[in-house]
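These notes are about the structure you will find just below.
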There are 2 protein chains.
Amino acid sequence: MNNIKNLIDDKGVKPTYHRIKILEFLQNNKNHPTADKIYEEIVKYIPTISKTTVYNTLKIFVEKEIIEELTITGNETHYELTEDTGPHHHFYCTQCKTIFDIEAECNQECSKKNDIDGNKVQSYQCYYKGICCNCLRKNNNEMNN
Amino acid sequence: MNNIKNLIDDKGVKPTYHRIKILEFLQNNKNHPTADKIYEEIVKYIPTISKTTVYNTLKIFVEKEIIEELTITGNETHYELTEDTGPHHHFYCTQCKTIFDIEAECNQECSKKNDIDGNKVQSYQCYYKGICCNCLRKNNNEMNN
DNA sequence: GTTCATATTTGTAATCATTACAAATATATA
DNA sequence: TATATATTTGTAATGATTACAAATATGAAC
Ligand SMILES: [Mn+2]
Ligand SMILES: [Mn+2]
Ligand SMILES: [Zn+2]
Ligand SMILES: [Zn+2]
């Protein structure tokens, strides 16, 4: 909880109660939540918080590179801590709408570049879309009924 | 124009006039247009076309894997032909909002997998976000004025 | 502690891409 | 031609995100 405060402070962002709670939530929920999901969970503990505050805070965190945004679904933006998470790929299941990490081989060269062909790189994302193994199994079971 | 017709036909989609024109446009415009951009250009030649038709058609094309969608910006979806375009990365300039191909090294292993950790892969995307070299140069010039 | 400037938060309204849906039109088949 | 089916159209709805101004909190100066 104190390292959270420092993480924010070090980037020149004032560590307010709301901001700390939002970042704490992202630290405890590594399942790439959306802004709405973050709001729905946090409003349980801070009933007066506004969804605008969540959006504002997430925007600041992204600018300061404290968190990263995943624009995979084309619908909602998902978020995750930049922190210790090394570069990794993602898998988006179009059936159960889950996003999870793919720990497998990640092209490290790509992910470390901050310049490519003279263009200044600020972030790098790789993802797969398809049907996750859970849904595959579920579909299979329904077939055999 | 006839190969376009075949490209659609072979996937079991009826090659209507509208669909052919939309696919033709994507073949002639390799700059990853949005649905709105496609509509704005095509309505010049087919004044009666509806934007819903563009969306419907794009959705069908994506399902049939005739085209691919790029969900990079978090705002609008961009489209490109699957066709001959080998797997390649993309660069999205957050300043001029352009998306262009990165021909550089692409992890071929990743892009060819149709199964990863038991999950069924249907598509694979990699992209960089940052400031393109044109905008970098422009920004630099403005600094020195 | 009061005053004042600034930063943060809130609530509501607007924006805008996309989708839902039903009516209209075209196409194919008998 | 009559009829069923597929496609297209126009409009309304949806839903995530942003704009904006009012309210509140914070912090320094006095
Ligand atoms: Mn992740
Ligand atoms: Mn491309
Ligand atoms: Zn799934
Ligand atoms: Zn640019």
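If you're wondering where the values come from, they're calculated on a predicted model, not measured in any experiment. Residue numbering restarts at 1 for every chain, and letters A, B, ... go by the order of the sequence lines.
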| query | Sequence neighbours excluded, which residues qualify as side chain to side chain donor-acceptor pair (under 3.5 Å) partners of B/T71? | reply | A/Y127

Do any N or O atoms of the protein come closer than 3.5 Å to N or O atoms of nucleotides 14-19 of chain C, and which pairs are they?
unit_1 : atom_1 : unit_2 : atom_2 : d
C/dT18 : OP1    : B/T77  : N      : 2.9
C/dT18 : OP1    : B/T77  : OG1    : 3.1
C/dT18 : OP2    : B/Y55  : OH     : 2.6

| note | The side chain to side chain donor-acceptor pair (under 3.5 Å) partners of B/N75 (sequence neighbours excluded) come to none

| request: Could you tell me the separation between the NZ atom of A/K21 and the C1' atom of C/dT8, rounded to a whole number of Å? | output: 18 Å

| query | Between atom CD1 in B/I46 and atom P in C/dT25, what is the gap in whole Å? | reply | 18 Å

| Which residues satisfy the disulfide bond (SG atoms under 2.5 Å apart) test with A/C126, sequence neighbours excluded? | B/C126

| task | Specify the residue among A/N56 and B/N56 whose closest nucleotide of DNA chain C lies further upstream toward the 5′ end. | result | A/N56

| query | A/I22 CD1 to C/dT10 C1': how many Å, rounded? | reply | 13 Å

| said: Measure CD1/A/I60 against P/C/dA7 and give the value in whole Å, please. | reply: 12 Å

Output one line per pair: protein atom, nucleotide atom from nucleotides 24-29 of chain D, and distance, for all N/O pairs under 3.5 Å.
none

| Is A/H18 near enough to C/dT10 that one of its side-chain N or O atoms lies under 4.0 angstrom from OP1 or OP2? | yes

| message | Tell me which pairs pass side chain to side chain donor-acceptor pair (under 3.5 Å) where either residue lies in residues 55-65 of chain B, with sequence neighbours left out. | response | none

| message | Taking any heavy-atom pair under 4.0 Å as a contact, classify A/T53: base, sugar-phosphate, or nothing. | response | base

| Looking at residues at least two apart in the chain, or sitting in another chain, which of them share a side chain to side chain donor-acceptor pair (under 3.5 Å) with A/Q125? | A/E68

| Mind checking what makes ring-ring contact (aromatic ring centres under 6.0 Å, His included) contact with A/H78, not counting sequence neighbours? | none

| query | Does A/T48 make a side-chain N or O approach to OP1 or OP2 of C/dT9 shorter than 4.0 Å? | reply | no

| Got a sec, which residues hit side chain to side chain donor-acceptor pair (under 3.5 Å) with A/K37, two or more places apart in sequence or on another chain? | A/E41

| field | Heavy atoms of other groups near B/K120 NZ, more than 12 under 6.0 Å | value | no

| remark: Those residues at least two apart in sequence (or on a different chain) that pass ring-ring contact (aromatic ring centres under 6.0 Å, His included) with A/H32 are A/H90

| remark: Rounded to whole Å, CD1 of A/I8 lies from C1' of C/dT8 at a distance of 14 Å

Would you mind writing out the side-chain donor-acceptor pairs for residues 91-98 of chain B within the sub-3.5 Å range, not counting sequence neighbours?
unit_1 : atom_1 : unit_2 : atom_2 : d
B/T94  : OG1    : B/G130 : O      : 3.4
B/Q95  : OE1    : B/N139 : ND2    : 3.0
B/Q95  : NE2    : B/N139 : OD1    : 2.9
B/K97  : NZ     : B/T94  : O      : 3.0
B/T98  : OG1    : B/C96  : O      : 3.4

| query | Is A/I67 close to A/L23 at the side-chain level, that is, under 4.5 Å between some pair of heavy atoms? | reply | yes

| Tell me: CD1 of B/I49 to P of C/dA26, nearest whole Å? | 15 Å

| query | Where along residues 90-99 of chain A does a heavy atom come under 4.0 Å from DNA chain C, residue by residue in number order? | reply | none

